[in-house]
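Letters A, B, ... mirror the listed sequences (proteins, then strands); counts begin at 1. Since we're looking at a predicted model, the values are computed, not measured.
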There are 2 protein chains.
Amino acid sequence: MSESKHFSELTPAAERLVDVAQGLIQRGGYNGFSYEDIARVVGIKKPSIHHHFPTKADLVTVVTQRYMHRFREALLRIEGQQARAPERLLAYAELFEQTYGAQRQLCLCGMLGAEADAVPAEVAQEVQQFFKTNLQWLTDVIEQGQRQNSLRKEVDARVHAQLLLCALEGAMVVGRAAGSAIHQGPQALGAALIHSLRA
Amino acid sequence: MSESKHFSELTPAAERLVDVAQGLIQRGGYNGFSYEDIARVVGIKKPSIHHHFPTKADLVTVVTQRYMHRFREALLRIEGQQARAPERLLAYAELFEQTYGAQRQLCLCGMLGAEADAVPAEVAQEVQQFFKTNLQWLTDVIEQGQRQNSLRKEVDARVHAQLLLCALEGAMVVGRAAGSAIHQGPQALGAALIHSLRA
DNA sequence: GTCTATATAAAGATAGAC
DNA sequence: GTCTATCTTTATATAGAC
């Protein structure tokens, strides 16, 4: 377990590697890419990557930590821009739509979560934190909406937080797997679910 | 693209390999297991596997075809045992619970779907068929329920078929990734969703 | 149907020069 | 920070004996 840099201290070269690695994971998973794949895309040689990230686990840990941090920033942004719970939930669904929309990329943590048994323990731990954070945030928002009378009071906030998160993560998996057979992206499915939650 | 045996013609030895391969994929994904892993579990040597399945793509194609076939059988069984749409949907959710419940295994096609860009084309095609079949079946059941007045008529059957399928697939991914942080399995989440669909 | 032996290539990683 | 060269291990696969 080598000590790795914090994502805030990355040089431009290292940041580029993290960018490319993230995209490759979102497409093919942890075991679906290699340092060689990154090297090809970035235009350097394989061993140069080890200078920045000694091991693959180091690299992916930083990728995941940065992803998590950016997601937290996005949640804060939503809180700053939307006052009411239903709108906050819709904006949340939009985050998943943006990830998926561009190139049918999966949520990084969705992908790594599916592979949980086949990734380094450090990575699996970051991924677990990602989901705990998201579930807590969604639960809080739903409870807030119930207090403010914008969401139905009869539903269990925790259950419906999970329902929304799972539907969004699942929409990306099923969407890319089913190809053109599916026409609803995460946003549309999320909106349908959120609609049924409204007071 | 070598011609491979049909899953109905497997010898007991070959069937055992398919069993083990399926479990390994459900835990670690296509790129998360090797012939060596299978050999270790089954108790034979690696090259013996090639006698039954020349390539990894051959093996996984058969695994997926058999999985798909069994799933179709399960859908037929539900149709034979449950007359009403809400009960059919609950029985459907139960299928996912059984897969996930035992050892936190993912749906085979959920896993392979997530990895779609990193698996052989033959496999990706089987997976696509799996999701098309499931979406069509769920849509039909929901429409039937709407005609029979057991499910709400205002909802879009196609959208809610996707919603249920995505929530169930997502529940497995999120559940294993979040660890003990999640307490609702696929069945509980599915039941909550189906409840909101009832007329 | 399974084995040993072997081939080939890829993946992850290190050493040391520039 | 990047390179060439090299090492080690693993993955996938083949050949041929039992």
Nucleic acid contacts of residues 10-21 of chain A, taken as heavy-atom distances under 4.0 Å to DNA chain C: none
Positional range of nucleotides in DNA chain C within the contact set of chain B, heavy-atom, under 4.0 Å: C:dG1 to C:dA5
Comparing B:His52 and B:Pro47 on DNA chain C - which has the more 5′ nearest nucleotide: B:His52
Table please: side-chain donor-acceptor pairs of residues 13-30 of chain A below 3.5 Å, with sequence neighbours left out.
from	atom 1	to	atom 2	distance (Å)
A:Glu15	OE2	A:Arg66	NH1	3.4
A:Asp19	OD1	A:Arg66	NH1	2.8
A:Asp19	OD1	A:Arg66	NH2	3.0
A:Gln22	OE1	A:Arg66	NH2	3.1
A:Gln22	NE2	A:Gln26	OE1	3.3
A:Gln26	NE2	A:Leu106	O	2.8
A:Arg27	NH2	A:Gln105	OE1	3.0

Residues that A:Glu143 engages under side chain to side chain donor-acceptor pair (under 3.5 Å), provided they are two or more places apart: none
Side-chain ion pair, B:Asp58 and B:Lys5, N-O less than 4.0 Å: no
Counting only pairs under 3.5 Å, give me each side-chain donor-acceptor contact of residues 78-85 of chain B, with atom names and distances, residues two or more places apart or in other chains.
from	atom 1	to	atom 2	distance (Å)
B:Glu79	OE2	B:Trp137	NE1	2.6
B:Arg84	NE	B:Glu87	OE1	3.2

B:His50: partners by ring pair (Phe, Tyr, Trp, His ring centres under 6.0 Å), with sequence neighbours left out: B:Tyr35
Contacts of type side chain to side chain contact (heavy atoms under 4.5 Å, CB included), residue A:Ile194, not counting sequence neighbours: A:Leu89, A:Leu90, A:Leu164
Distance in angstrom units between B:Lys45 NZ and D:dT10 P, rounded: 14 Å
Distance in angstrom units between B:His50 NE2 and D:dA15 C1', rounded: 13 Å
Salt bridge (charged side-chain N to carboxylate O under 4.0 Å, His left out) partners for B:Asp37, two or more places apart: B:Arg40
Pairing residues for A:Tyr67 by the ring pair (Phe, Tyr, Trp, His ring centres under 6.0 Å) criterion, not counting sequence neighbours: A:Phe130
Residues forming a side chain to side chain contact (heavy atoms under 4.5 Å, CB included) with B:Gln125, sequence neighbours excluded: none
Close residues, residues 22-36 of chain A, relative to DNA chain D [heavy-atom separation under 4.0 Å]: none
For A:His69, all residues meeting ring pair (Phe, Tyr, Trp, His ring centres under 6.0 Å), sequence neighbours excluded: A:Phe7
